[in-house]
Protein chains: 2
Amino acid sequence: MRYKAGLQTRDRIIEATRGLIAETGLEGTTIKAICERAGVLPGSFYNLFDSKEQAVLTVVRDAIDAVDPDPRHQGPDSLADLVDAYVQFVTEQSELARVYIGIAVSGSRGHPELRGRVIRHHEGRVARFAGAISAEHPEMSADDAGRRAETLVTALNGIALHRVLDPDFDVATHARSLLTDILTLA
Amino acid sequence: MRYKAGLQTRDRIIEATRGLIAETGLEGTTIKAICERAGVLPGSFYNLFDSKEQAVLTVVRDAIDAVDPDPRHQGPDSLADLVDAYVQFVTEQSELARVYIGIAVSGSRGHPELRGRVIRHHEGRVARFAGAISAEHPEMSADDAGRRAETLVTALNGIALHRVLDPDFDVATHARSLLTDILTLA
DNA sequence: CTCAAATTAGAGTGAAGACTCAAATACTGA
DNA sequence: TCAGTATTTGAGTCTTCACTCTAATTTGAG
């Protein structure tokens, strides 16, 4: 992979793999299908990847990262921004969202590394949401903020899950309702 | 399947299939694996089922039904009861919960019947939750109750999803928090 | 008890899967 | 330009899958 032809081919293979995982799941993601979609022959595939698994894991890792595009950014996000970012991810990158949810359920089996990665990622997101909640509701205890953050993030994943099932599901509206409900104080 | 030996064998096959789907996903659910786990040979399997798919679909339909064990019961459920029932399902029948969530994501592809079934089932659940909310909060508009019910059910599925990832996740606590938050009026 | 039907045994089939390899071709640094 | 490496080709291997088939065994109604 030193010539640009190789890099381009690699990109096409990754793209084809991502599309197939999103559209047909791991079941339909065969070497044959990947190669056809990428316009490549098996030999080329194996010149660039050690195994099918390697290509799949690359796609999955990208999907996990895409959920939260800027994890290092420590700035003071508003809660609404965080929620909107997730809504945008779920609706605009629905392929990756599908991969993310799918892998969270089934793909983590046999891949403890992925499971750990998803869980750690989730914890990071909860922390960020908790920070935003605390900032906007200084009167709330840290414990309470953390609990609400965890509930909120988990529930948002539920919304994403449902959207995978029903493409017409109104993600934005429900996400905002959720936010309002969870932060309405008695 | 007229002799009791056949019925027992059928039960063992279904049980084995359910366990395999939950533990290894559809990927690891092969005829060989099912037969080994059930203590049966392929010939017996195909004497009782037309195809592997038939056995899998049987398990999946059971899982969907188990989410809401008594859908006809029109009595005045309390919201807390409904939530508790789901918590109980998720924690005590985690195998079926895994199957349900897994199928919601990937298994519905290529099986429009299943997708429709899951969505209809979801709508039924939302209606039931909405009824309970309205009963407990007569001052709330029907629209508002419906919206909150949809958010609640979807968020509960998110909790179930997370529990599939992390067996230590405290489903009961989060489900109750969610209920409180969503029904706290400004 | 008996016999037809149900069930089980277990080797075998064809298709499809992931992956390999040696030869041909394309690319690029020197 | 050209030598050497990267890339592509495409037929081929080996494994596993779902599923079949025939013969043997078990069941239970009459």
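Chain A is the first sequence line, chain B the second, and so forth, proteins listed ahead of strands; every chain is numbered from 1. Model, not experiment: these values are computed from the prediction. What's counted below: heavy atoms across the whole structure, side chains too, no hydrogens, waters or symmetry copies.
Of all nucleotides in DNA chain C having an atom under 4.0 Å from a heavy atom of chain B, the first and last in 5' to 3' order are C:dA5 to C:dG10.
Neither OP1 nor OP2 of D:dT20 sits under 4.0 Å from any side-chain N or O of B:Tyr46.
When both distances must be under 3.5 Å, the Watson-Crick or G-U wobble mate of D:dG30 is C:dC1.
The CZ-C1' distance, from B:Phe45 to D:dA18, rounds to 9 Å in whole Å. Atom CG of A:Leu48 is separated from atom C1' of D:dA6 by 10 Å (rounded to the nearest Å). The CD atom of B:Gln54 sits 10 Å away from the P atom of D:dC19 (whole-angstrom rounding). Rounded to a whole Å, the CG atom of B:Asn47 is 17 Å from the P atom of D:dT25. Rounded to an integer number of Å, the gap from A:Lys4 NZ to D:dT7 P is 13 Å.
Taking the centre and axis of the six-membered ring of B:Phe45, the NZ or CZ atom of B:Arg10 falls outside the cone set by 45° and 6.0 Å. A cation-pi arrangement is absent between B:Arg148 and B:Phe129 under the rule of less than 6.0 angstrom and at most 45 degrees off the ring axis.
A single hydrophobic cluster is seen to contain both A:Leu7 and A:Ile34, as judged by linkage of ILVMFWY side chains at heavy-atom distances under 4.5 Å, directly or through other members.
Taking the charged nitrogens against the carboxylate oxygens, A:Arg147 and A:Asp143 have no contact shorter than 4.0 Å, which rules out a salt bridge. Salt-bridge formation is detected for the pair B:Glu113/B:Arg61: a Lys NZ or Arg NE/NH1/NH2 atom is positioned less than 4.0 Å from an Asp or Glu carboxylate oxygen. Taking the charged nitrogens against the carboxylate oxygens, A:Arg176 and A:Asp84 do have a contact shorter than 4.0 Å, which makes a salt bridge.
Near-neighbour residues of DNA chain C inside residues 29-43 of chain B, defined by a heavy atom below 4.0 Å, number-ordered: B:Leu41, B:Gly43.
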B:Glu23 vs B:Arg37, test: salt bridge (Lys or Arg N to Asp or Glu O under 4.0 Å). Steps then yes/no.
CA-CA 13 Å; B:Glu23 286 169 24; B:Arg37 190 160 173 150; 3.0 Å; yes
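Within a 6.0 Å sphere centred on CD of B:Glu95, heavy atoms belonging to other residues, nucleotides or ligands number more than 12.
When the ring-ring contact (aromatic ring centres under 6.0 Å, His included) test is applied to A:Phe169, the partners found at least two apart in sequence or on another chain are A:His162, A:His174.
With DNA chain D read from its 5' end, the first of the two nearest nucleotides for B:Lys52 and B:Tyr3 is the one closest to B:Lys52.
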